[in-house]
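The next block holds one structure in the form of structure tokens; read it before the comments.
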Amino acid sequence: MNFYKENPALKFQLSHPLMHKIVDLKEQGYADKDKYDYAPQDFEDAIDSYDRILEIVGEICGEIIAPNAEDVDHEGPQVINNRVKYARGTQENHDALAKAGLYGMSLPRQYGGLNFSMVPYVMAAELVSRADAGFANIWGLQDCAETIAEFADEDIKAEFLPRVCKGETCSMDLTEPDAGSDLQAVQLKATYNEADGLWYLNGVKRFITNGDAHIKLVLARSEAGTNDGRGLSYFVCDNLHDDRIKVRRIENKLGIKGSPTCELVFTNAPAKLVGTRRMGLIKYVMSLMNGARLGVGAQSVGLSAAAYEEALAYAKDRRQFGKAIIEFPAVYEMVSMIKAKLDASRALLYECTRFVDVYKAYEMLEQSRKLTPEEKAEYKEYQKLADAFTPLLKMFASEYANQNAYDCIQVHGGSGFMKDYACERLYRDARILTIYEGTSQLQTVAAIRHVTTGSYLKQIRAYEAMEINPEFSALKERLVKMTELYEKAVNAVHEAKDQELLDFVARRLVEMAGHIIMGYLLIIDATRDNMFRKSAFIYLNYGEAEVKKHAEFISTFNRDNIDLYK
């Protein structure tokens, strides 16, 4: 089984009109073709490379990672002599991807990477997540290398990036026992030694995903006497040959059991500074977290895809009262809704990824030459769109993954509650998605400013202006009316000039924007390919009801009601 080849909705994303700009910017005149025999000659050659590599990823996912998922869930990792030993299947998964040269997909070729844009990399992350959401945490943490590539000096890049491309694993060591979401409270101490030019780390980190990774990015307090984010710097730490970072324990989790979540003790662990001092949280971690949230979006969509496939297969196979249960309206409505939410969240995932791709490409281009005024304006516009869409994606995709896993069990009935079927593992794995890398509530905090500044409304108007298949004109008219409800609700809250009121209804306003955006993305996709037609109609029915519900709540809500919830 090949998870990529069997799913035309993925290859469809490679044909998006914006891909030409993305690839041209990424390849910068296709200059690498004269240095590397595997570098593309032109746009068509690049897309062909993406397609061929994704076929390899799809085959490994279908033939190795997915079949290993159940055993990995049961076996899990172990701590032996303060180091992590992966489950057998986890190590097999990692070795297969490393042998195929699939780590470092998005890193520059000079370090052994493939220099792919983010779209195929995120697509690979979705495929891996469909196969095993837990293993996706090990695969996806190569994102740490992006931070090194973007902010570290040349010596650090040359030391660590080739190792990532060869398959060495990464971790981002941020949280501590007393510093979870509030990373300003981080206390792990970094002390500089002038004699050897190294920093030494001492302290404890907790809830570190893939905590015994070879290469570690560590947030630590470099400035003595400080207690806020301005005293934190970012460090890269080599964990391959050193025993000064010990795994105290692996957390016993509800789900994603193959991914070791560790508590770590640092004892004079040598490290190197990434970028400049004091910018660890303010600049580098914020950049890394945005990338991680995009990764969780891909992980969520992959898990939603797994839930859909499991639900559909069971509903077709299971017979009751003389016919397959998919023929009963209550069941086929549920399966269709899983698919609509999957397609909607996938559309949002790749729209967000394209925005990230463009602005990151301009960021890289700016390192080699000065951008023209037009390029600078486009760079800023796509960066703003990426900032707006990232929390929207993370919130909706993770919430839908949970809902879809829940409904997948419901389709299975009593069987779904048993460990005989994969759906119970999917349900457990899904639960973390709305929590780590920023809870859904924190995504609302990040997204609400794009409601109040009009960023979402501006992009909605841009979608409204696009040409669509006349078949979807009635859907578009409904989206226009939904937008009017959204705009009216935003204005009403804005005019109240009450911050507590805004905070209280923020989630509803953000959800209204998200439903409208995903509605437009689906009819735009359905205009390009009829495979999305059904989901466009189904999702719009759902989204319209949600928007009307939120609009009604906000229009009848007043300041005094807030006290009822306290």
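A quick note: this is a predicted structure, and the numbers were derived from the prediction, not measured. Only this structure's heavy atoms are used, side chains among them; waters, hydrogens and symmetry mates stay out.
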How long is the span from the [atom1] atom in [X] to the [atom2] atom in [Y], to the nearest 0.5 Å?
X      : Y      : atom1 : atom2 : value
His412 : Tyr421 : NE2   : OH    : 6.5 Å
Cys170 : Trp139 : SG    : CH2   : 12.0 Å
Ile338 : Ile538 : CD1   : CD1   : 11.5 Å
Leu161 : Gln142 : CG    : CD    : 11.5 Å
Leu348 : Thr353 : CG    : OG1   : 9.0 Å
Ile138 : Ser171 : CD1   : OG    : 11.5 Å

> Are Glu55 and Arg52 close enough, and set up right, to give a salt bridge (Lys or Arg N to Asp or Glu O under 4.0 Å), and what steps lead you there?
Replying inline: CA-CA 5 Å; Glu55 281 194 19; Arg52 286 186 286 108; over 6 Å; no
Lys/Arg N to Asp/Glu carboxylate O, [X] vs [Y], below 4.0 Å:
X      : Y      : result
Arg478 : Glu544 : yes
Glu511 : Arg507 : yes
Glu251 : Arg206 : yes
Glu263 : Arg249 : yes
Glu70  : Arg425 : yes
Asp343 : Lys534 : no
Glu6   : Arg130 : yes
Arg354 : Glu351 : yes

> Cut-off 3.5 Å, side chains only: do Thr483 and Glu464 have a donor facing an acceptor?
Replying inline: no
> Are a donor atom and an acceptor atom from the side chains of Gln91 and Asp95 found within less than 3.5 Å of each other?
Replying inline: yes
Does [X] [atom1] have over 12 foreign heavy atoms under 6.0 Å away?
X      : atom1 : answer
Glu363 : CD    : yes
Phe553 : CZ    : yes
Glu59  : CD    : no
Met1   : CE    : no

Contact summary for [X] and [Y], nearest pair of heavy atoms:
X      : Y      : answer
Ile60  : Ala100 : CD1-CB, 3.9 Å
Ile325 : Val411 : CD1-O, 3.6 Å
Ala136 : Ser129 : CB-OG, 3.2 Å
Pro391 : Tyr456 : CG-OH, 4.4 Å
Ile208 : Met172 : CG2-O, 4.0 Å
Leu294 : Cys352 : CD1-SG, 4.0 Å

May I ask you to test the [X]-[Y] pair for a side-chain heavy-atom distance under 4.5 Å?
X      : Y      : answer
Met364 : Glu150 : no
Leu127 : Leu10  : yes
Leu349 : Glu126 : yes
Tyr234 : Leu288 : yes
Leu107 : Glu146 : yes
Arg318 : Ser415 : no
Arg88  : Asn68  : yes

Before we go on, tell me: are the rings of [X] and [Y] under 6.0 Å apart, centre to centre?
X      : Y      : value
Phe396 : Tyr400 : yes
Phe12  : Phe532 : yes
Tyr542 : His515 : yes

Does [Y] offer a backbone N or O that forms a donor-acceptor pair with the side chain of [X] under 3.5 Å?
X      : Y      : value
Asn530 : Arg533 : no
Lys257 : Val72  : no
His16  : Asp525 : no
Asp51  : Lys11  : no
Asp357 : Val119 : yes
Lys339 : Tyr308 : no
Thr90  : Tyr86  : no
Asn404 : Ser304 : no
Asn402 : Ser398 : yes
His214 : Glu168 : no

> Taking the inter-plane angle between the rings of Tyr406 and Tyr427 on a 0 to 90° scale, is it parallel (under 30°), tilted (30 to 60°) or perpendicular (over 60°)?
Replying inline: tilted
> Stepwise, does the ring pair (Phe, Tyr, Trp, His ring centres under 6.0 Å) test hold for Tyr382 with Tyr362?
Replying inline: CA-CA 10 Å; Tyr382 277 99; Tyr362 275 127; 7.6 Å; no
> Leu174 and Val186: side chain to side chain contact (heavy atoms under 4.5 Å, CB included), yes or no, with the steps?
Replying inline: CA-CA 8 Å; Leu174 306 179; Val186 160; 5.9 Å; no
> Hey, mind stepping through Glu176 and Lys205 against salt bridge (Lys or Arg N to Asp or Glu O under 4.0 Å) and telling me if it holds?
Replying inline: CA-CA 4 Å; Glu176 297 178 6; Lys205 290 288 183 182; 3.0 Å; yes
> Can you check side chain to side chain contact (heavy atoms under 4.5 Å, CB included) on Phe207 and Cys262, steps first, answer last?
Replying inline: CA-CA 5 Å; Phe207 294 154; Cys262 304; over 6 Å; no
> Centre of Phe151's six-membered ring, under 6.0 Å away, within 45 degrees of the axis: is that where NZ or CZ of Lys283 sits?
Replying inline: no
>> Exactly one of Val451, Leu457, Thr452, Thr453 should register a side-chain contact (heavy atoms from CB on, under 4.5 Å) with Ser455. Which one does?
In response: Thr453
>> With salt bridge (Lys or Arg N to Asp or Glu O under 4.0 Å) as the criterion, how do Lys216 and Asp173 come out once you've worked through the C-alpha distance, each side chain's angles and the decisive distance to 0.1 Å?
In response: CA-CA 7 Å; Lys216 307 173 72 58; Asp173 299 14; 2.8 Å; yes
>> Would Phe389 and Phe355 count as a ring pair (Phe, Tyr, Trp, His ring centres under 6.0 Å) here? Give the steps.
In response: CA-CA 9 Å; Phe389 272 58; Phe355 294 154; 5.1 Å; yes
